[in-house]
Structure formats: C-alpha cells, structure tokens
2 protein chains.
Amino acid sequence: MIFSRQTGYAIRALVHLAQNMNNGAVLASAIAKTENLPAPFLSKLLRDLSSNGFVNSSKGPGGGFTLLRKPDEIALYDVFILFDGLTLAQDCILGHGVCSDETACCVHQLWKTKKAEVESFLKLTTIADLVKMREKKLWIPQP
Amino acid sequence: MIFSRQTGYAIRALVHLAQNMNNGAVLASAIAKTENLPAPFLSKLLRDLSSNGFVNSSKGPGGGFTLLRKPDEIALYDVFILFDGLTLAQDCILGHGVCSDETACCVHQLWKTKKAEVESFLKLTTIADLVKMREKKLWIPQP
DNA sequence: ATCATTAATCATGTTTTTGTGACTAAGCCA
DNA sequence: TGGCTTAGTCACAAAAACATGATTAATGAT
C-alpha cells in the first residue's frame, strides 16, 4: 500500500475535524467512534498531529481537538510525510535500500516519473477536497 | 511502499535469471549472493515463483533455477499480484477495508485515476525492460 | 550403491507495525 | 478544594512481515 495505516487513520481524523470546525472541540472518543478507528491508537496519532501543529488539544470539560490549519492548506502529502517519512521519495521500490539518481536500481529511471505524478497528486489533494467529496455524498460507507 | 519486500526481491531474482538465461540453471545461492538477498528468504520466493510457473527448478548437481516465461512476457504487475495480491487494486488507501465504486471512501474517486496509471505502468513494464536498463548501465549500485 | 550437490520443508527467531489498558496530569466547574 | 472530564504517557500485547537455521528429499555423477 501507498500509505501506512497511521497515515490513513490520521487523514480520516483530520477530515472529521474539518467537518466539525464550527462545533467547537471534538473528543478523541467521538472521532474514534464515528470514524471507526481504534481509540488508543488514534490517541497517539492525535498527539503527533498536535505536536506538529496540525491540531490543537485542550483538556478538561469542553476540551478535545480542533483543527489549527485550514483544511485547504493541509495536503495529504503533509500527513503522509509526518507519519511515513520520505519512504516513497527515497526507498528503493525493489527493497534495495535508498534509490536516487546517484544510486539507482534498474527500475529507478522508469519508475521515477510515475512516482513524481503520485507525489504531485498527494501534494495537490487537500483535506478540504475530501470534505467536499463527503458533502457531495461521493462516497459510500462500508457495510 | 508500493511493493512488499517479497515482490521487490522476487523481481530482482527474475531479472538476474533473465540475464543468465543462456548459461544454464542458476543456483539459489548464486542469486542470493550477487543480488545481495537473504538466502533462505529468497529460497521461499523461488519456490513460489516455481509453483506458479515463472521458473523451473531442478535438484542435484547442475541443478538450479531457470526462467520458464520469456522476460518480455513477465510484467512487474504479475509478480506484484503473486506476492501482494490485489492490495493496490482493492484496499482502501485510508485503511478502511476494501474500496471500490460500490463502497468507496472519500478519496476513492480522486485516487482511482492515479491508481489506474500506476497499475498500467506495472502492467506495461516487464522484466525484459529492467534487463535492458541494466545492460545500458542505467543504474548505479549501492555503495 | 554411494556420495556430493542442490532444492524443499519445517520450525523458529527477530523486527516492525498495529493495537490495548492502566495510569497520570491537566483543566473546568461547582 | 474536590470531583469530574479530558488528553497525555507509559508499558506492554498481538499480529504481520521479514529473516534464519536445521533437516529432509531428490537428483546426477562416480
């Protein structure tokens, strides 16, 4: 898969927060419940999102998480980099360590163009785009 | 990453076999050594490649592995499917189970076009292409 | 027939990723 | 202050992926 599960879960949490921006802080437990994510694992992801300036957290009654950055200024790529690092950019697709124009495996030259397109897609697609998709009901939840 | 390590290793083994098609059977240990792959793990991959008609194996002195299919008729996609199954095609990129036009997450519609391009790349690129890259020295081995 | 050579099998170990639960610290409100 | 609510932290458990080693079975050469 392109993303690790962490990245996928974090993106879903951010979309949820973006959809509830005007309702005050959202509980971690509420995100876990409605997005169907493992609560304690999500908790760790939210902490990472918090310490990296994506969300704000506040304790106590009325507390919870709120989005710090604007949804259209959070690219999927940002979240991807935060949780998965530069794997897509640097790791050899054939499991041969790091691949670049300097040390390349035999697919590197062929793959790098397509890879750049994928990266570009992830950089251009934002949380706001996903919120729009949800609002347009252009998605069908799993049974 | 796109591929699991299994897939990457298997592709490297196939490229190696393709490069040595006219020198008789190649030992698993020789592939492991020159491709720098963990030998017992490679052994399992070769068995899978063998039971799926990619390579032939023969025991005893003079034995080893030979390519059964022509290099230009082995797409990277074939190897990918063998070891990783339909993960790219079916798995939800956000870790939400299976995604299709019937049950889609909020990125599905946006992602599926790019995904199709990646799949198409993997279907069009063959072991023969990688051999060509090696022959043209269009690769630089890791230090 | 025996021996060296080679793949196949099996059981096990290690690491990474994912997931859980108990506890701690902080903030709000009465 | 005291108690409730909430995130943060920590230690650990489970699962998957990755890797190793020892043993067995098959084959060809002598």
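Note that these values count all heavy atoms, side chains included, but never hydrogens, waters or copies made by symmetry. Every chain is numbered from 1 and lettered A, B, ... according to where its sequence line falls, protein lines coming before strand lines. Treat the numbers as computed from the prediction; the structure is a model and nothing was measured.
- Residue pairs meeting the salt bridge (charged side-chain N to carboxylate O under 4.0 Å, His left out) criterion with at least one member in residues 76-86 of chain B, sequence neighbours excluded: B:Arg69-B:Asp78.
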Identify the pairs formed between an N or O of the protein and an N or O of nucleotides 11-15 of chain D at a distance under 3.5 Å, and give each distance.
none

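- Between the P atom of D:dT20 and the CG atom of B:Leu42 lies a distance of 11 Å, rounded to the nearest Å.
- Nucleic acid contact class of B:Leu27 (heavy atoms, under 4.0 Å, all strands): sugar-phosphate only.
- Applying the salt bridge (charged side-chain N to carboxylate O under 4.0 Å, His left out) rule to pairs touching residues 13-37 of chain A yields A:Glu35-A:Arg134, sequence neighbours excluded.
- Between the P atom of C:dT18 and the CZ atom of A:Arg12 lies a distance of 13 Å, rounded to the nearest Å.
- Within 4.0 Å of B:Tyr9, counting heavy atoms only, lie sugar-phosphate atoms of the nucleic acid but no base atom.
- Within the nucleic acid shown, A:Pro38 comes within 4.0 Å of sugar-phosphate atoms alone, with no base atom in reach, counting heavy atoms only.
- At whole-Å resolution of the value, CE in A:Met1 and C1' in D:dA17 are 16 Å apart.
- Near DNA chain C, meaning a heavy atom under 4.0 Å from it, residues 53-64 of chain A has A:Lys59, A:Gly60, A:Pro61 in order of number.
- Each end of the helix from C:dA1-D:dT30 to C:dA30-D:dT1 gets its own axis from five base pairs, and the two axes differ in direction by 10°, given to 10 degrees.
- When side chains are defined from C-beta on, B:Ile74 counts as touching B:Leu67, because their heavy atoms get closer than 4.5 Å.
- When each of A:Ser43 and B:Arg5 is assigned the nucleotide of DNA chain D with its nearest heavy atom, A:Ser43 is the one assigned upstream, toward the 5' end.
- Salt-bridge formation is detected for the pair A:Lys114/A:Glu117: a Lys NZ or Arg NE/NH1/NH2 atom is positioned less than 4.0 Å from an Asp or Glu carboxylate oxygen.
- Distance CG (A:Leu45) to P (C:dT20): 13 Å, rounded to an integer number of Å.
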Report the C-alpha separation of A:Asp101 and A:His108 in whole Å, then their side-chain angles, then the decisive distance to 0.1 Å, and conclude whether the side chain to side chain donor-acceptor pair (under 3.5 Å) test is met.
CA-CA 8 Å; A:Asp101 287 345; A:His108 179 75; 3.0 Å; yes

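- Annotation: of the two residues near DNA chain C, A:Ala39 and B:Val26, the 5′-most nearest-nucleotide partner is B:Val26.
- In this structure, CZ of B:Phe83 is placed 14 Å from P of D:dA19, rounded to the nearest angstrom.
- At whole-Å resolution of the value, CZ in B:Arg47 and P in D:dA26 are 15 Å apart.
- The side chain of A:Pro40 sits closest to C:dG21 out of C:dT18, C:dA7, C:dG21.
- The salt bridge (charged side-chain N to carboxylate O under 4.0 Å, His left out) analysis of residues 46-64 of chain B, with sequence neighbours excluded, yields the pairs B:Lys44-B:Asp48.
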